[in-house]
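The block underneath contains the structure these notes are about, expressed in structure tokens.
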Amino acid sequence: MEMMKDWMETWEKNTAAWVDELTKSQNFVKNYLKTYEPALTVSKNFRETQEKFYELTGIPSREDIFRVMQKLQDVETKISDVCEKLDSIEEKIVRIEKTDRTPKTVKSTKTAGTSRQKA
């Protein structure tokens, strides 16, 4: 197992040195720049063609799906907020109903059945 680990470390070090040396050469940079812009142009053209295809066929694009998913998450958040508010209202109603059901003590007045004397 140790031998495999040593081999991997050696391979990584040698490959990193080779790539580092390669990217520093002027020839590499010159050729890279020659292919970079055309690759971007091809990528841009492909994206535009794909968007036009989606538009003509009615197939939703990745951006369309992303927008719908974002709106769906917004609606889900609003529904969650409404549910929390309804739960709070329900708790208040239950508390009010419990207080209405508790027997209320009525204070009796002593005036009933007693005679008052005038002074």
Side-chain angles (χ1 to χ4, degrees):
M1 194 64 150
E2 187 66 32
M3 187 170 95
M4 187 64 141
K5 183 179 176 187
D6 291 342
W7 179 82
M8 284 295 291
E9 287 175 0
T10 303
W11 181 83
E12 286 176 356
K13 187 189 304 181
N14 290 338
T15 303
W18 176 76
V19 169
D20 189 43
E21 193 65 34
L22 177 68
T23 56
K24 286 181 182 177
S25 83
Q26 287 296 324
N27 195 27
F28 173 80
V29 173
K30 185 173 73 173
N31 288 324
Y32 176 76
L33 291 176
K34 282 182 187 177
T35 60
Y36 184 69
E37 271 191 52
L40 286 178
T41 303
V42 167
S43 178
K44 178 184 170 207
N45 290 339
F46 178 76
R47 240 188 345 269
E48 289 173 354
T49 303
Q50 190 177 28
E51 288 173 10
K52 194 67 166 172
F53 172 77
Y54 289 152
E55 183 181 317
L56 293 173
T57 58
I59 298 172
S61 68
R62 180 178 295 179
E63 290 80 19
D64 294 336
I65 292 171
F66 179 76
R67 278 193 301 274
V68 169
M69 291 302 294
Q70 186 63 46
K71 287 181 181 183
L72 188 60
Q73 287 177 343
D74 293 345
V75 168
E76 186 177 337
T77 301
K78 288 178 182 180
I79 288 173
S80 178
D81 291 345
V82 168
C83 286
E84 286 178 16
K85 289 176 183 177
L86 286 174
D87 288 343
S88 174
I89 291 170
E90 182 181 30
E91 289 172 4
K92 288 176 183 177
I93 290 172
V94 167
R95 270 191 260 127
I96 290 170
E97 287 176 346
K98 283 182 180 179
T99 58
D100 286 349
R101 289 183 191 157
T102 56
K104 296 179 182 171
T105 56
V106 178
K107 294 181 181 178
S108 60
T109 58
K110 294 186 177 185
T111 57
T114 60
S115 60
R116 291 187 175 185
Q117 294 179 355
K118 293 183 180 181

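Here, residue 1 is the first one in the sequence, and each next residue gets the next number. Keep in mind that the numbers below use all heavy atoms, side chains included, and drop hydrogens, waters and symmetry copies.
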Let me confirm one number: the [atom1]-[atom2] distance from [X] to [Y], rounded to the nearest 0.5 Å.
X     : Y     : atom1 : atom2 : answer
Thr77 : Leu72 : OG1   : CG    : 9.5 Å
Ile59 : Ile65 : CD1   : CD1   : 10.0 Å
Glu12 : Trp7  : CD    : CH2   : 9.5 Å
Gln70 : Asp74 : CD    : CG    : 5.0 Å

Q.
Less than 4.0 angstrom from a charged side-chain N to a carboxylate O is my criterion; do Asp20 and Lys24 meet it?
A. yes
Q) Can you list the steps and then say if Val75 with Lys71 is a side chain to side chain contact (heavy atoms under 4.5 Å, CB included)? A) CA-CA 6 Å; Val75 168; Lys71 287 181 181 183; 5.6 Å; no
Q | Partners passing side chain to side chain contact (heavy atoms under 4.5 Å, CB included) against Thr15 (at least two apart in sequence or in another chain) | A |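 If we apply the side chain to side chain contact (heavy atoms under 4.5 Å, CB included) test to Thr15, skipping adjacent residues, the hits are Trp11, Val19.
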Less than 3.5 Å apart, which donor and acceptor atoms pair up between the side chains of residues 33-49 and the rest of the protein, not counting sequence neighbours?
residue	atom	partner	partner atom	Å
Thr35	OG1	Asn31	O	3.4
Thr35	OG1	Tyr32	O	3.0
Thr41	OG1	Glu37	O	3.1
Ser43	OG	Arg47	NH1	3.3
Asn45	ND2	Thr41	O	3.4
Thr49	OG1	Asn45	O	2.8

Q) Closest approach of Val29 and Thr23, non-hydrogen atoms and distance? A) CG2-O, 3.7 Å
Q. Judged by atom type as modelled, is there a donor-acceptor pair below 3.5 Å linking the side chain of Ser80 to the main-chain atoms of Glu76?
A.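 Flag not set: sc Ser80 to bb Glu76 has no pair under 3.5 Å.
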Q: Determine, stepwise, if the pair Ser61 / Asp64 fulfils side chain to side chain contact (heavy atoms under 4.5 Å, CB included).
A: CA-CA 5 Å; Ser61 68; Asp64 294 336; 3.3 Å; yes
Q) Side chains of Glu90 and Asp87: closer than 4.5 Å at any heavy-atom pair? A)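 When only atoms from C-beta onward are counted, Asp87 and Glu90 do touch, with a gap below 4.5 Å.
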**Q.** Flag if over 12 foreign heavy atoms under 6.0 Å of CZ, Phe66
**A.** no
